[in-house]
Amino acid sequence: WNGQGVGASGNLTLNQWKHYTVTYEKTSGTIRHYFNGVLAKEEIGQNLQLSTSSFNVIVGGYNNFTGKLDELRYYNRALTANDVKTLANQ
């Protein structure tokens with residue numbers, strides 16, 4: 001992984017909460033981006049070299065992000081599309 005940010009493009013409405021999820025499947029190298037439980041972007045063949053030791057994770061730090069982040073979660077597995085949809089609808 002080259003340290004660049006991961007994101008998906010799309011129109012965002014100001015002053016409205018969005019549910020954004022990113023999943024990574026190591027075996028297939030697939031990164032999936034979901035907005036409000038709906039798949040927005042898929043990148044196949046990405047070989048991220050994620051460390052098992054500690055490392056810095058930057059969330060919202062690129063492109064002058066201005067806003068609020070709430071309820072950040074990290075999982076030790078890739079969430080399924082149904083998992084993401086359930087979380088988005090909570």
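Scope of the values below: all heavy atoms of this structure, side chains included, with no hydrogens, waters or symmetry mates. Keep in mind that this is a model prediction, so the values were computed, not measured.
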Identify the two heavy atoms, one from R32 and one from L39, that lie closest to each other, and give their separation to 0.1 Å. CB-CD1, 3.8 Å
Shared ILVMFWY cluster between Y20 and I31, side chains joined below 4.5 angstrom? yes
What distance separates Y24 OH from H33 NE2, expressed to the nearest 0.5 Å? 12.0 Å
Nearest heavy-atom neighbours spanning G37 and A88: N-CB, 3.5 Å
Would a hydrophobic clustering, with Ile, Leu, Val, Met, Phe, Trp and Tyr connected at side-chain separations under 4.5 Å, put V22 with V84? no
The side chain to side chain contact (heavy atoms under 4.5 Å, CB included) partners of T80 (sequence neighbours excluded) come to N82, D83
Applying side chain to side chain contact (heavy atoms under 4.5 Å, CB included), name anything that partners Q90, two or more places apart in sequence or on another chain. R73, T86, L87
Can you name the side-chain hydrogen bond (donor to acceptor under 3.5 Å, both in side chains) partners of T23, sequence neighbours left out? none
Quick one: does Y34's side chain get under 4.5 Å of L79's, heavy atoms only? no
